Amino acid sequence: MSLTLSIAERADILRRHEAAIRGSLKARLTTIATVAALLGLFVYGLTTLETSLWKIVSGVGNLGSFVVLMLPPDPGSWARAVIFAKALIETVAIAFLGTVLAAALALPFGFLAARNVVANRIVHFLARRSLDTVRGVDALIWALIWVNVVGLGPFAGMLAIMTSDLGAFGKLYSEAIEAADRRAVEGVASVGGGKAHEIRFGLMPQVLPVIASQVLYFIESNTRSSTIIGIVGAGGIGLYLAESIRTLEWRQVSFLILLILAAVSAIDFLSGKLRFAVIGKRAV
Amino acid sequence: MTLAIDRNDPVIRVHAEAYRQASSVKRRQTLIGVAVFIACVLLSARGAEVDLARFAENIGRFPKYIHETLPTLRLASLGADLSEWYWGLKGWLKLLWQTVLIAYVGTVLGTAGAVLLCFSAAANLGRSAWLRFVTRRFFEFCRTVPEIVFALIFVIAFGLGPLPGVLAIAIHTTGALGKLFSEVVENIDLKPVDGVTATGAGWWQVVRFAVVPQVLSNFASYALLRFEINVRGASIMGFVGAGGIGQDLIEAIRKFYFTDVSAILLLIIVAVMLIDYGTERLRHALLSLEHRR
């Protein structure tokens, strides 16, 4: 059997299966319209956002010269390096404590927002929306607000991380609780366990690994966000970073960025290890 | 039938002993874990200068601050009060629109960068291990340096305005999406790739006809998720002078224009919620499109 296809046969196949090969006209038009609309918005954005080509070119030139000025990374003096290391530790402390406190404080909110725990629709709705509101405000904005309340310093940063995470954790907890399997709880009840036993042996083993892995993940991502909280004066390494960028100490900037990169990847590594220890190798 | 257990049965005794040992090891591990955890909390409380006395003293200022930012709304003159509260609505809406545009343009640029680079970062398509390593480290660098740091640097290089904000978001998006995209590519079915390769197609043709159709809806869904995150990110770009509504917000907070703070924050929250809601519906539609096939 030969597998050659004459041009006439090919054209015939094309004609018979035109819909399958070319797709329907409507689908094609929708695709074209969507892409055109998205592109149009993009071009509109470019024109309204003052992005002139000349500005970009000269900016890239500036950036290039900054990069040259950044090399080699240098903290300036040994004393400054110690100050930066201390600020880095402060940053990690802010992230860790903020996350842990938020994780603890979010528990009651998580139960309130879980549909299978609180059946009242109004309570459920209010709990969900207030969590959304807290989450919708960026940590940097919370930091500004807390700086006004408790004054400058890492304490305000810790409170900011805590508040913004409260919203995220509350939502995650409520979802974990809603997704928990009822059968384990029923099983505990069927062998004569009381309410406390149901929660301890039926619900907790299901919810705890999810919560623990989320908390670890958040510590990791909060290390990133707390590196910048110092920009508004809420402690940590961000203050020095913003300062040295504003005073054009480029070598110091690159040193600080390298320091942050190293710290974040160390915490990535550590929390990844811990996460797998908590939830087991398989489930990711 | 009864299920009596003889406690003196040696077989059961051995099992019970083994169980006791296993659980005591587990318990010891848990205790050590808890001790380490408490030590970490105490140490970081020191590091973060937690001062409970200061907190107790000042906590009253938090509700007071929130209260002060709220305007006085009387039922009798609700319209007038509202218009006084939102006196700058026109300007704020303009800035909010700029924020959304910054997020959108940044997302589009960043997504384009991620799409271009993700194929060489994927283990199953990347042609050289060296190139893969370099792309992956590049993605890592882009997403680990916070976008606002990029914005700070770009403000100096490009001048004040939305352009540094757009670029900062684009770079961060490239890093974050590049990783996700390359993971999507790594999970594809390789049979179409073999099929297209068998017809003698080159690398780009393989990507175009065997890979892109499989990953497109996942890419779109991730890009939408990123857009939502970027709207939040763009709302604070103004803090460092990189455009958007953040610049009015930080001014209001620093100058104690209390009611302006709540007005702008409310606008941001509503906008973020609307975009959350819209993109989530779109994402689910896209993903169900994927599952239906």
Side-chain angles (χ1 to χ4, degrees), chain A residues 38 41-42 44-46 48-52 55-56 58-63 66 89-90 92-98 100 129 132-133 136-138 140-141 144-146 148-151 153-155 157-159 224-225 227-228 231-232 235 238 241-242 245-246 248 253 257 260-261 264-265, chain B residues 37 40-41 43-51 54-55 58-59 61-62 64-66 98 101-102 104-105 108-109 140-141 143-146 148-149 152-154 156-159 161-167 232-233 235-236 239-240 243 246 249-250 253-254 256 261 265 268-269 272-273 276:
Chain A
L38 289 175
L41 191 58
F42 179 66
Y44 167 76
L46 280 184
T48 47
L49 293 178
E50 307 158 24
T51 47
S52 71
K55 214 169 152 187
I56 293 177
S58 72
V60 170
N62 282 345
L63 269 184
F66 292 164
I89 293 171
E90 197 176 278
V92 175
I94 290 172
F96 178 73
L97 201 61
V100 168
R129 288 296 86 74
D132 282 352
T133 311
V137 177
D138 196 274
L140 214 52
I141 300 174
L144 270 172
I145 294 176
W146 280 112
N148 275 330
V149 175
V150 295
F155 190 33
M158 194 278 284
L159 289 170
R224 280 164 227 234
S225 18
T227 53
I228 52 158
I231 290 176
V232 298
L241 190 58
I245 290 176
R246 287 197 177 126
L248 306 178
V253 172
I257 288 178
I260 291 173
L261 284 177
V264 169
S265 49
Chain B
F37 176 74
C40 284
V41 168
L43 275 179
S44 46
R46 254 186 68 114
E49 291 174 22
V50 170
D51 186 347
R54 189 166 58 144
F55 185 67
N58 289 318
I59 183 62
R61 276 159 65 181
F62 183 67
K64 197 169 143 240
Y65 185 85
I66 301 282
Q98 194 186 49
L101 269 187
I102 289 174
Y104 177 73
V105 174
V108 170
L109 285 175
E140 227 159 67
F141 173 77
R143 64 172 187 272
T144 306
V145 178
I148 202 140
V149 173
L152 260 172
I153 295 175
F154 291 166
I156 296 173
F158 294 90
L163 178 61
V166 169
L167 291 176
R232 264 173 245 217
S235 72
I236 55 162
F239 284 22
V240 296
L249 181 63
I250 196 168
I253 292 180
R254 290 236 162 104
F256 301 104
V261 175
L265 270 183
I268 294 178
I269 290 169
V272 166
M273 271 184 185
D276 267 20

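All of these numbers come straight from a predicted model, not from anything done at the bench. The chains referred to below are lettered A, B, ... by the order of the sequence lines, with proteins before strands, and numbering in each begins at 1.
At least one side-chain heavy atom of B/Leu152 sits under 4.5 Å from a side-chain heavy atom of A/Ile231. A/Ile245 has its side chain within reach of B/Val149: a pair of non-hydrogen atoms, C-beta onward, lies under 4.5 Å apart.
Heavy atoms of A/Val232 lying under 4.5 Å from chain B belong to its backbone as well as its side chain. Of the two parts of A/Leu159, only the side chain, counted from C-beta on, holds a non-hydrogen atom closer than 4.5 Å to a non-hydrogen atom of chain B. Of the atoms belonging to B/Ile156, heavy atoms from both backbone and side chain fall under 4.5 Å from chain A. Of the atoms belonging to A/Val100, it is side-chain heavy atoms, and not backbone ones, that fall under 4.5 Å from chain B. With a 4.5 Å cut-off on non-hydrogen atoms, A/Ala242 touches chain B through its backbone and its side chain both.
For the set B/Ile269, B/Asp276, B/Val272, the entry with the most heavy-atom pairs within less than 4.5 Å of chain A is B/Ile269. Note: A/Ile141 leads A/Val60, A/Ile89, A/Ile141 in heavy-atom pairs under 4.5 Å with chain B. Among A/Thr227, A/Val137, A/Leu261, A/Leu144, the residue making the largest number of heavy-atom pairs under 4.5 Å with chain B is A/Leu144. Between chain A and the options B/Ile102, B/Leu265, B/Ile153, the largest number of non-hydrogen pairs under 4.5 Å is found for B/Ile153. Heavy-atom pairs under 4.5 Å with chain A peak, among B/Cys40, B/Ser235, B/Gly161, at B/Cys40. Taking chain B as the reference chain and counting heavy-atom pairs below 4.5 Å, the highest number among A/Leu248, A/Val264, A/Asp138, A/Ile94 is found for A/Asp138.
Under the side chain to side chain donor-acceptor pair (under 3.5 Å) criterion, A/Asn148 pairs with B/Tyr65, sequence neighbours left out.
In terms of heavy atoms, A/Arg129 sits closest to B/Met273 at O-CE, 4.0 Å. For the residue pair B/Val105 and A/Gly45, the shortest heavy atom distance occurs at CG2-CA, 3.8 Å. When every heavy atom of B/Phe239 is checked against every heavy atom of A/Leu140, the shortest pair comes out as CD2-CD2, 3.6 Å.
Between the CG atom in B/Leu109 and the CG atom in B/Leu167 there is a gap of 7.5 Å [rounded to 0.5 Å]. Rounding to the nearest 0.5 Å places CD1 of A/Ile228 at 10.0 Å from CG of A/Leu241.
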